[in-house]
Amino acid sequence: MAYKRILVGLDGSKQADRAYDTACDLAKTFSSKLYLLWVINRDRGMDLSFRVSDDFYQDQAQKANQEIKPYVEKAKELGVDVTGTVIIGNTKTVLATSFPQGNDIDLIVLGDTGLNALEKVVVGSHTSYVLRNAECAVLVVK
């Protein structure tokens with residue numbers, strides 16, 4: 001199967017970087033469009049418990065917009081048709097359903113764990129959620 005629209009989730013972790021490298025290779029091999037997505041996780045419980053404001057999430061999104069740029073540039077240098085996006089929302093649902101459905105994604109590439117130390121014990125909770133809920137193929141990179 002040739003994948004036409006590949007999504008890779010980024011978060012600055014080594015695992016996400018490996019997923020990115022794999023996704024770039026696949027996009028180049030299949031002449032696919034590559035979507036880089038960095039989700040700023042909006043936790044409603046944290047919002048209420050710690051009174052986190054929209055400014056906090058906007059600051060995080062601005063930082064992520066700067067961090068995603070080198071990934072976009074590197075993919076372009078490889079000859080990949082790439083788009084980089086930063087979204088504030090629920091990481092699990094954005095990666096598993098809303099972004100893939102809104103962009104006709106046919107393959108999601110994720111690292112096996114993220115930056116959260118607790119998630120490193122097993123496959124990360126975000127990755128596990130995407131595996132269970134995505135409607136398209138999912139590739140987990142170790």
Side-chain angles (χ1 to χ4, degrees), residues 1-47 49-50 52-142:
M1 172 176 206
Y3 298 104
K4 296 296 176 199
R5 299 164 80 80
I6 300 172
L7 167 64
V8 62
L10 299 174
D11 64 5
S13 68
K14 289 179 185 176
Q15 294 83 357
D17 286 351
R18 286 195 295 271
Y20 166 81
D21 290 339
T22 299
C24 283
D25 289 344
L26 290 169
K28 193 163 173 131
T29 298
F30 293 125
S31 298
S32 305
K33 171 82 175 175
L34 181 62
Y35 294 83
L36 309 180
L37 181 60
W38 196 303
V39 182
I40 305 301
N41 193 41
R42 177 132 201 179
D43 184 332
R44 299 293 179 189
M46 198 164 113
D47 290 355
S49 298
F50 299 104
V52 176
S53 70
D54 282 337
D55 291 342
F56 170 79
Y57 294 107
Q58 292 302 323
D59 286 346
Q60 294 299 311
Q62 283 181 335
K63 289 176 187 172
N65 273 312
Q66 293 306 311
E67 291 193 38
I68 203 170
K69 284 180 182 179
Y71 292 95
V72 172
E73 292 306 315
K74 181 180 172 188
K76 285 181 180 177
E77 288 171 10
L78 294 171
V80 174
D81 181 10
V82 62
T83 300
T85 305
V86 174
I87 294 177
I88 299 169
N90 180 293
T91 301
K92 293 175 183 178
T93 58
V94 170
L95 282 172
T97 55
S98 63
F99 192 90
Q101 289 170 356
N103 293 279
D104 297 319
I105 300 297
D106 50 16
L107 176 64
I108 301 170
V109 182
L110 298 172
D112 60 342
T113 61
L115 289 175
N116 184 332
L118 293 174
E119 291 178 353
K120 292 182 181 178
V121 176
V122 294
V123 172
S125 66
H126 296 146
T127 301
S128 293
Y129 183 91
V130 173
L131 280 168
R132 289 189 314 274
N133 293 283
E135 294 177 0
C136 63
V138 178
L139 173 62
V140 178
V141 178
K142 289 188 99 118

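This chain uses plain numbering: 1 for the first residue, then up along the sequence.
Residues Gln58 and Ile88 have side chains in contact (heavy-atom distance under 4.5 Å, counting atoms from C-beta outward). In this structure the side chain of Gln62 never reaches within 4.5 angstrom of the side chain of Gln66, judged on heavy atoms. You'll find the side chain of Asp112 stays beyond 4.5 Å of the side chain of Thr127, heavy atoms only.
Here the closest heavy-atom approach between residue Ile108 and residue Leu95 is recorded as CD1-O, 3.4 Å. Between Ile6 and Ala23 the shortest heavy-atom distance is CG2-CB, 4.2 Å. For the pair Ala64 and Ile40, the tightest heavy-atom approach, listed with the atom from each and the gap, is CB-CD1, 3.8 Å. Residues Ala19 and Val109 approach most closely at O-CG1, 3.5 Å, considering heavy atoms. Residue Leu78 comes nearest to Cys24 through the heavy atom pair CD1-CB, 4.0 Å, listed as atom of the first residue, atom of the second, then distance. When all heavy atoms of Trp38 and Gly12 are compared, the closest pair comes out as CH2-N, 3.5 Å.
For Lys28, the salt bridge (charged side-chain N to carboxylate O under 4.0 Å, His left out) test picks out no residue, with sequence neighbours left out. Residues passing the salt bridge (charged side-chain N to carboxylate O under 4.0 Å, His left out) test with Asp104: none are found, sequence neighbours excluded.
Here the CG-CD distance, from Asn41 to Gln60, works out to 11.0 Å after rounding to the nearest 0.5 Å. Between Thr93 atom OG1 and His126 atom NE2 the span is 9.5 Å, to the nearest 0.5 Å. To the nearest 0.5 Å, atoms OG1 (Thr91) and CG (Asp11) are separated by 9.0 Å.
Results of the side chain to side chain contact (heavy atoms under 4.5 Å, CB included) test with Val141 over Leu110, Thr22, Asp21, Val8 single out Thr22 as the only residue that passes.
Of the possible polar contacts, one joining the Arg18 side chain to the Lys142 backbone as a donor-acceptor pair under 3.5 Å is found.
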Which pairs of donor and acceptor atoms, one on a side chain in residues 29-37, lie under 3.5 Å apart (sequence neighbours left out)?
| residue | atom | partner | partner atom | Å |
| --- | --- | --- | --- | --- |
| Thr29 | OG1 | Asp25 | O | 2.8 |
| Ser32 | OG | Tyr3 | O | 2.2 |
| Lys33 | NZ | Asp81 | OD1 | 3.3 |
| Lys33 | NZ | Thr83 | OG1 | 2.6 |
| Tyr35 | OH | Arg5 | NH1 | 3.4 |
| Tyr35 | OH | Arg5 | NH2 | 2.6 |

